[in-house]
Each structure stands twice: as C-alpha cells, then as structure tokens.
Amino acid sequence: MMPCLAPAAGTNEARRAAIEALISRWAARGWLRSLDAAFAGFLWREVAAADPLLILAAALASHQLGRGHVCLDLAATLADPAFALSLPPEGDADALAAADLPREVLAGLTLEAWLAALDCPVLVGDGAGDTPLVLTGGRLYLRRYWRYEQAVRSGIETRLAVSAADDISPESLRPTIEVLFPSGADGAVDWQKLACAIAARNRFAVITGGPGTGKTTTVVRLLGLLQAQALDGGGRALRIRLAAPTGKAAARLGESIAGAVKDLGLDALPGAQSVRAAIPTTVGTLHRLLGSRPDSRRFRHRAGNPLSVDVLVIDEASMVDLEMMAAVLAALPAQARLILLGDKDQLASVEAGAVLGELCRRADKGHFKPATCEWLRRATGTAVAAELIDDEGRALDQAVVMLRRSYRFGSQSGIGRLAAAVNAGVFAAVERVRAEAHQDLVFVSVGGASDAPFHALVVDGHTTGLATDDRKGYRHYLELMARDRPAAHAEAGQVDAWARKVLAAHAAFQVLCAVRRGRWGVDGLNRSIAEALVAEGLILPAREWYPGRPVLVTRNDYGLGLMNGDIGIALPLPAAGDGAPNLRVAFPAADGAAGVKWVLPSRLQSVETVFALTVHKSQGSEFAHVAMVLPDRPNPILTRELLYTAITRARRCFTLVSGGPAAVERTAVERRVLRASGLMGEAETTERERPRPLRG
C-alpha cells in the first residue's frame, strides 16, 4: 500500500501529540462522543503515519453524524469552525483555554493543505475499494454513510428514469380525476389535484406541504385513482402499504386515512365499492414494514428479499433518516411506486440526513418543464402558473409538488400566520403577528424567580383565570381519569373505552421544549410540572409510578410491541373490594388500530416521564394546545425549523413561553438548520441559506 503523505517527523510528532490531547479533552468534556474519539484512535493504530489533520478530520466527521450531518464539509468548517461543528457547545465557551477552540485549532489552515493531509490511500478513497473514509467534492464521509447516500440517490434516479406515464395516458386519467376532484367554486388552482396527477405520472413522487394543506386527503384520492385504473376491465388490485416512522405517526395516519376513505366520493366511478375496498386503512411503522431484527441494523426485507408491494406510501417523511431511506429503497421492488408525504419545513430526522428537505429544496418555485405542464393540463384541465415553469427543470423537479393552500389555518389564523412568519425567518414579521392579539396565540414570560405563572399554565392551560375550551392544561386529563374510572368488575370493553378517553384527553395539551438540561429543559420542566401537579392534589408525590404518569418509550421494544416515540399513561385499573388499584400503562394499539395495549410498569425498561417533551420527539404528533418553552439563553439547537415544528403541532392554541430575553426568540427565528450532505449533488449544496451566527 502507498504510505500516507506527512510532514517532517518532528513536526508531525508534535502535531500528533497536540491533536491527540485535543481530541481527548473534547471527549472528556462531552464535546465529542466517546465513539468519535475511539474512531480516531482506531485509525491512528491502523496507520501510525497518518497526518494528524486527517485524524482530526475523521473524528470531526464522526462527530457530525451525531449532530445529524451525513459528512464533514471541509470548506464550511474552515469558514466558520464554531458554527459548522457546534464546538464548543453553547454555554461552555469558556471551559477550556482559547487554544482549544476550533477556530484556533484550524487557524491558518487552507482547504488545499487539509486536502493534502487527507491524501492517504490506506484510509481515504474516492469510493472505490474499502477505505474507512471517502472524500468527494470537499466532503469527508464515513464509508457507510457515503454508501447510504449513493444508494438513495441511485434508487431515486432509477425510478425517475422510468416514468409511469409510459404506461398510462393523461386522457385516461382525467375522467377519474374529475370525479375525485370536483371543480371548486372559487376557481383557484387545486394543488391537490395536480399533486395527484404528478404522483400518478411517476414511479417516485414527493408531496410536501404545511399543516392542513391536505396531504392525507390527496394521497387517499391518489390511491383511489391508482386502484380505479388497476381494476378497470377486471384487473388485479394493487398491493398498497402505508407506513410512518413512528407508532404515533402511524396511528395518526391510520385515523386520517380511515376517515378520508369513508368520505371519498367515488359513486360516479364504475366499481366504486371495489375501489373503496382496495384502499388500505392500516398503517404500520417502517421498522415493522421492513422486519426489524433485535440488536441488528439489518432488516428481514432487503434487496434479496423484497417487499410484496406495488405502492408504498410513507408519511412524515421529514423524520426518515438517510440510513432508513436506503433500507426502504433496497427492499422496494424495482417496479413499485414510492410516494413520500411530509412537511419540508419541519425538523429533519434525529439521525443523520435530511432527505425530505434535500428532495424538496426547489419545490416552492416548481421548476416544471413545459412538457410536464402540458401533460398535467391534459390530465387535470389545470394550467400551471408561468412563474413555476422552467425549461431547465430537473428530473426530480417533475416528481415533487408542494401543496400551497392550508385548510386548517385560514388567512386570519394566528397559528398559521406565526408559522409563516417563523418559516420566513423574519423576526419583525413575528413581532407583527404578536401585536395582532390573535385568540389562538398566547405569549407568556416566565423569566422571574417565581414559577407561579408557569405552574398555572401547565395545570389549567392559562395564567389569567379565564378558562377556555382551547386552553386546557394537565388538570383536564387527570381529573377525567379519576372521575370516569370504571367500577370494580367492569367489563374489559368499558375499561378500554375509559383508557382511550384518558389518552385522548391527554392529547389536549402538551409542553414542548428545545433542550434536555437546565431549568427550561426536559429534565427541569418534568420535575417542576410534577411538583405543581402534586401541589394541586392531581398526582401522588414521591413515587416512580403513579396514576396519571405519562411516559415516552425511548427504545424499540419488539417483545412488547412498543416503538421509540410511543406515549402511554399509567392508569389505576379497578380492583375488587377495598383492594389497591392495579397500575397498568395504557398505550394506543399499535399502528393506528382501535384498542388499547396494557403493559405492566415493571416491564417497561426504557421510558421517561413526558409532562415535557422535546420538539424532536413530538414530530408525528398533534395536540389541541401546545406550550413551547424557550430556554433562557441561546443554544445551537434553536432554529426556525424547531420553532416552526413546535407551532405546527398545535391545532387550536399555541402558547410561546419565554424563559429569557427576546434575543433568544430572535435567534430561533433567524437561524436555520444547515445539514452537510451531498445527496443532491455539488451544485445544489451551495443554494442553501446560511444561518446567521448565534446571538448572545
């Protein structure tokens, strides 16, 4: 093998000692994961002559995976190390000497010099071979994630290259589309109709849109269209599977799909009942769909054992990370359709990658080719606006459509207007919405020493003493739990019905937060809220398990059939005579099915109390009233995507709780997520808006 290129021995030894000490100190303080430091040590043991700057880059590439990035963007890191790496973490800037800060470590280093340090064929390659690191386009990958990115890109491009339009004419679609989408009285462009046609035209399609834009309604009508075409003339119904990343998201989609199928207007179609019966209403998690194997990253369904499916629909696709998307594409038969639904402006997945955001980067401007627009006109009778037509549109652009009208939030909705202002990244617009005094928006400041205003909010849903149906707190579900508890010897159906009522009542209110540590993080808030509920006599003090405790599953438990993100509530089952109630934890039945799953508390090994929930964990859920608590100081995790996601979890009322100065809210609005990735190629990675620096 070729030796690694390195500077003179003395210089290299000194730099190695410095870099080794630096990585150790960063890992000791929690800036780097122990995994990152161990990876660096492994590479140095394998190739002792490796340039220290190569080992540093490898440790940082591993570190970036833990922050959701697929790779280390070398140029971005050199341009602004502290921002690109989030080192040091917010609030820890003075913990080490200035020489330990990333900008000092990398001071004077040029991109050319760093690339030269990476010239080590034993460790770094261009993708060929089996080097642990891959360098391409100025981005450094761990090989596994480079392979995931290549697999996802290849899988999508292959499907885009084979248009379903080759098998179906727009004229044959139009009669069914006209039945499914009757012309509206207002004459506005029906983006749901266009989305349906675009998805029918392609083997791969993305339908994106904000809350209430009708993504579920659109996909149900799309499935009706596809099944009507398949069954025409006595054909076989398509095998359709519906999936979501989490159990909670699957349950929500299942409920929505069932209602939409029931209300679907098909009477004017031949064989309407057969079409309706062929639209599935059962939704599973992606892990169950692919066949998870305990303690393994591999799935039962993969390239050698594909899914038996003709159409796969994935909801809440913004939560799907790069590795999972690669697994889905590997398990999908070549002829099957893949349809992704999601809000491109929500937070990306917790794990590495921002697949939906990357795919939808150009969606707002359409970029439809004239030929695509003509096909859509023939299929739907609708003309695409001139500003959305682009002679140079890319193949992906022809398969991505953005729904542009919200049916949940009207033009005067405070929640809708606040979400739009945050999404635009304009703090002045947010302030204007605040000044408009909308009934569905509340702004609370709790920065003082007293927690009384916050306790009033979480208990009763308000701080003014004026109760409203839209502003319930945790008192609502806890009192319902106690008041409606079935009598001893109640039938199982009655007990299940009570549990479902309590679970639904709990969903009327949820506290969300950005961080885990500190007074305004998950840990501090859960303690504070529990104390307030104890003071009101709503829960029992000083017990791990008590009636009314809401818990979040934090790790997949295949034995119990519970998935990461599932939320349950500890309930006191009625007991005979004067016996103590039997405590069981009630979870909604898996995959959106009706019913309740009861679990002994002692069997739940990976759960945490969720009076307060991080915004990331809330994805795929909705609550009537959401209270979002901002921390009292800026933090790298505070971005417009996080705040937008929190706002759009609310259906009826949103309360923004500020624990610090206005600069924290301004930072959250003006700063956006930037995830390093090469999924869409070099040209597009430069198009993303660069976030502004944090403000102290």
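Values below: all heavy atoms of this structure, side chains included; hydrogens, waters and symmetry mates excluded. Bear in mind that the values here come from a model prediction, so they are computed numbers and not experimental data.
With no hydrogens or angles considered, a side-chain donor-acceptor pair links Tyr141 and Arg139 at under 3.5 Å. Remark: the Gln150 side chain and the Arg147 side chain contain no N/O donor-acceptor pair separated by less than 3.5 Å. Checking Asp321 against Tyr148 by side-chain atom types alone, no donor-acceptor pair falls below 3.5 Å.
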**Request:** Determine, step by step, whether His438 and Val433 satisfy the side chain to side chain contact (heavy atoms under 4.5 Å, CB included) criterion, reporting the C-alpha distance in whole Å, the side-chain angles of both residues, the deciding distance to 0.1 Å, and the verdict.
**Result:** CA-CA 8 Å; His438 293 276; Val433 174; 4.1 Å; yes
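Residue Ile279 holds its CD1 atom at 11.0 Å from CZ of Arg221, rounded to the nearest 0.5 Å. Separation of atoms CE (Met325) and CD1 (Ile156) is listed at 6.5 Å; rounding is to 0.5 Å. Considering CD1 of Ile339 and CG of Asp315, their distance stands at 12.0 Å, rounded to 0.5 Å. One finds the CD atom of Gln346 at 10.5 Å from the NE2 atom of His616 (value rounded to the nearest 0.5 Å). If you take CG on Leu418 and CD1 on Ile647, they are separated by 3.5 Å, rounding to the nearest 0.5 Å.
Counting heavy-atom neighbours within 6.0 Å of Arg651 CZ, excluding the residue itself, gives a total above 12. In Arg239, the CZ atom is crowded: over 12 heavy atoms of neighbouring residues, nucleotides or ligands sit closer than 6.0 Å. Within a 6.0 Å sphere centred on CD of Glu178, other residues, nucleotides and ligands contribute more than 12 heavy atoms. For CD of Glu392, the number of neighbouring non-hydrogen atoms (other residues, nucleotides, ligands) closer than 6.0 Å is 12 at most.
Between Glu670 and Arg640 there is no salt bridge, since no side-chain nitrogen of the basic residue lies less than 4.0 Å from a carboxylate oxygen of the acidic one. A salt bridge does not link Arg174 with Glu171: none of the charged nitrogens is closer than 4.0 Å to a carboxylate oxygen. A salt bridge links Asp310 with Arg236: the closest approach of a Lys/Arg side-chain nitrogen to an acidic carboxylate oxygen falls below 4.0 angstrom. The residues Glu665 and Arg434 are annotated as salt-bridged, a charged nitrogen and a carboxylate oxygen being separated by less than 4.0 angstrom.
When each of His367, Gln398, Arg377 is paired with Thr372, the side chain to side chain donor-acceptor pair (under 3.5 Å) condition holds for Gln398 and for no other.
Both tests do not hold together for Arg405 against Trp191: distance to the six-membered ring centre under 6.0 Å, angle to the ring axis within 45°.
Judged purely by atom type and a 3.5 angstrom limit, Arg144 has no side-chain atom pairing as donor or acceptor with the backbone of Leu142.
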